[in-house]
Amino acid sequence: MNIFKLSYSYLKKSPLNTGLNILLLALGIATITSLLLFNNQFRNNLIQNAEGIDVVVGAKGSPIQLILSSIYHIDSPTGNISLEETHGVLMNPMVAEVIPLALGDSFEGYRIVGTERSYLTLYSAEINEGNFWEYSKEVVAGAKVAEKLQLSVGDSIISSHGIEEEGASHEDSPLIIVGILEESGSVLDQLLLTSVETVWDVHDHSDPDEDHEEEEHEEEDHHDEEHHDEEHHDHDEGHSEQRTKVSTEPMGFMTDDNLDKELTSLLITYRSPIAGAMFPRFINDQTDMQAAAPGFEITRLLSLLGIGFDVLRIFGIILILASILGVFIALYNAMKERKYDLAIMRTLGGSRVTLMAQILLEGVLLVLSGSILGILFAHFGIAFLSGSYQQAEQFNIDPWVFLPEEFLILGGAVLLGIFSALVPSIIAYRTSISTTLSK
Amino acid sequence: MHFFNLRHRYTRSKFTISYPDYTLNEKEHLLIVGGSGSGKTTLLHILSGLLKPTAGEVVINGTSMYELSEAGLDQFRRNHIGIVFQRVHLISALTVTENLALAQYLAKQPGNSGIINTLLSELGIEGKAKSYPNELSFGESQRVGIARAVINKPKILFADEPTSNLDDKNSEKVLMLLQQQAEKNEASLIIATHDERVKRHYDNVLDLDQEMIAEGEER
């Protein structure tokens, strides 16, 4: 027997009261902790995924939408830009590097991105299995996509039109997985990457009433897209479809024949930071496109979300305070019932300090178990949410990251536990043996 | 043990009671009798170190109890005194065994389940070891109360009205148990009671009704 066991026995004796207090506190702590975890990782992921991108150029529209769709792949693209328009961007002396993106298709809810090798370099992603694409209609899958959909090299997939839900499928243009990326912790994990030419090939025969660049299926043997291409009829599959080699040069697809084709956006790195002031103005004023700076838009987005976060945080704090009050009231009431217990324990030789320590310990145990439960709730909750929402997956939120702030929460909870048990423990300290026993 | 010049003034009623001086030798038993309101329980509390008297001294084994510090008195009680209360009041959150283990712990004795089990079977309640206090009959819980009072082998065992709620047969039994335990521990047994049935067992009787010098109300 010791005061730990004694405290535990007292808590166990009124399971409903104890349970309610623990649960209430756990909910409050869970709210605060999950906000902390989410906010922290969300912010980090926003920043990490935008690293190395100075500005995004795309069709006019909402700049946040452009950033969300082109960098994080979570919103619809703003529209398309023609190669002819982008030509001016490429030639601009302020621009150091350009990564083209052609969006619009998906497979099983995962986005297919037409781009170039430089997109992988941006996130230092490596091929884990298979090879990089050489021909049109070859696809490299992100690590998480491959894992979730159990894709392996050599599989062929039928992409569908549109990026959100199932659209019309491009039955006639199966794509082949030629490589699988290593997990990079970036947005690439959730994407299927291919050449810009693939996206064009799949959407050959443009459909003018489509607002995005993606058009209805039908791939025919169009020879206009590539020039240095050769036809391959020796493909192993029975489809005997034509395979065209794709360009390996940066923006190599940009030929006079292709000037009527379209891209979704360009991820751009400046030659010098000074361009940050001039380049967007140039794009926004002189062209039909818009330029959006990720840094600025992320800050804007976070400040918009910040209001929601604040409301939740206040809610969590109120829950915590209410439960601490609950712990206090429970202990305080218990003191009335337990005065006699305390007096008896004094007659058995228990000192005032021992009894005071026991009450304090009871408060600490209650609050500590509530806090630990709350932190577990938060991690399991995030694990559950990030597993059930694809939007959350996109941010690579890892539910099993433990932040140092969580230990702060634990420490703070212990302090609150001591605080809530302080008055009851002083009552215990002051209890007069004889008066109590003679009642 | 002896006590002298004991006076106690009740803070509520401002009533002062004076007690006769008395000396009790080692291993001797004493019966304190008197009607209700005669101050038996108060005297018992004073003698057992629970209540500091307004004046006077209680000396046990050469130690004047109320000259000890608070912590010193706690320690003295742990080592020398066991009390069986009129209302037993076991800790309801703990089982019988745990209640006794708590008594060992609070008296800073090493936890010893052997002692607990022996004591429970001596008192005939070994079957109730794992029961909670609300599952015990009055007689059973009183026996647990006796076990709790003697578990740390006190030099003086106090009992406050141990027979008041019992019929003749059971009150005999309880007195027997108390006496057995006191003798086993070579302890003095001091019983406060208004129960005439108890009187015939004891030679040393302190009758507060006769001896008490009530001083009336003082302002």
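Residue numbers begin at 1 in each chain, while the letters A, B, ... track the order of the sequences.
When all heavy atoms are compared, the tightest approach of A:Lys12 to B:Tyr132 is NZ-OH, 4.0 Å. Considering every non-hydrogen atom in both A:Thr354 and B:Leu106, the closest pair reads CG2-CD2, 4.3 Å. Contact record, B:Arg78 with A:Gly349: NE-O, 2.7 Å, taken as the closest heavy-atom pair.
Summarising the geometry, atom CG belonging to A:Leu348 is positioned 8.0 Å from atom CD1 belonging to B:Ile83; distances are rounded to the nearest 0.5 Å. In this structure, B:Asp74 CG and A:Thr347 OG1 are separated by 10.5 Å, a value rounded to the nearest 0.5 Å. Rounding to the nearest 0.5 Å places CE of A:Met1 at 7.5 Å from CG of B:Asn99. Expressed to the nearest 0.5 Å, how far CG of B:Leu90 lies from OH of A:Tyr340 amounts to 11.0 Å. In this structure, CG in B:Leu44 is found 10.0 Å from OG in A:Ser434, a value given to the nearest 0.5 Å.
Within 6.0 Å of CD in B:Glu28 there are more than 12 heavy atoms belonging to other residues, nucleotides or ligands. Shown here is A:Phe315, whose CZ atom has no more than 12 heavy atoms of other residues, nucleotides or ligands within 6.0 Å. At most 12 non-hydrogen atoms from other residues, nucleotides or ligands lie less than 6.0 angstrom from NZ of B:Lys27. The number of heavy-atom neighbours closer than 6.0 Å to OH of B:Tyr22, taken from other residues, nucleotides and ligands shown, is above 12. With a 6.0 Å radius and a threshold of 12 heavy atoms from other residues, nucleotides or ligands, A:Phe402 has its CZ atom above the threshold. Around CZ of B:Phe138, the count of heavy atoms belonging to other residues, nucleotides or ligands within 6.0 Å exceeds 12. The 12-atom threshold is exceeded at CD of B:Glu70, counting heavy atoms of other residues, nucleotides or ligands nearer than 6.0 Å. Atom OH of A:Tyr8 has 12 or fewer neighbouring heavy atoms from other residues, nucleotides or ligands inside a 6.0 Å radius.
Heavy atoms of B:His89 lying under 4.5 Å from chain A belong to its backbone as well as its side chain. Looking at A:Ser9, the atoms closer than 4.5 Å to chain B (heavy atoms on both sides) sit in the backbone and in the side chain alike. Only the side chain of B:Leu94 comes within contact range of chain A, with heavy atoms under 4.5 Å apart. Contacts of B:Phe76 with chain A are absent, with no heavy-atom separation under 4.5 Å from either backbone or side chain. Heavy atoms of B:Ala71 lying under 4.5 Å from chain A are absent altogether. With a threshold of 4.5 angstrom between heavy atoms, B:Thr95 does not approach chain A through any atom at all. Using a 4.5 Å cut-off between heavy atoms, B:Gln75 makes no contact with chain A at all. Contact annotation for B:Leu102: both backbone and side-chain heavy atoms come within less than 4.5 Å of a heavy atom of chain A. Contact of A:Arg338 with chain B is not made at all, since no heavy-atom distance falls under 4.5 Å. Within the 4.5 angstrom heavy-atom criterion, no atom of A:Leu11 approaches chain B.
When each of B:Glu98, B:His45, B:Lys52 is scored by its heavy-atom pairs under 4.5 Å with chain A, the top score falls to B:His45. Annotation: maximal heavy-atom pairing with chain B below 4.5 Å, among A:Ile433, A:Ile344, A:Leu355, occurs at A:Ile344.
Listed for the B:Arg77 side chain is a donor-acceptor partner under 3.5 Å among the backbone atoms of A:Arg346.
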- [ ] Please test B:Tyr105 against A:Leu6 for side chain to side chain contact (heavy atoms under 4.5 Å, CB included), starting from the C-alpha separation and ending with a verdict.
- [x] CA-CA 10 Å; B:Tyr105 168 75; A:Leu6 185 61; over 6 Å; no
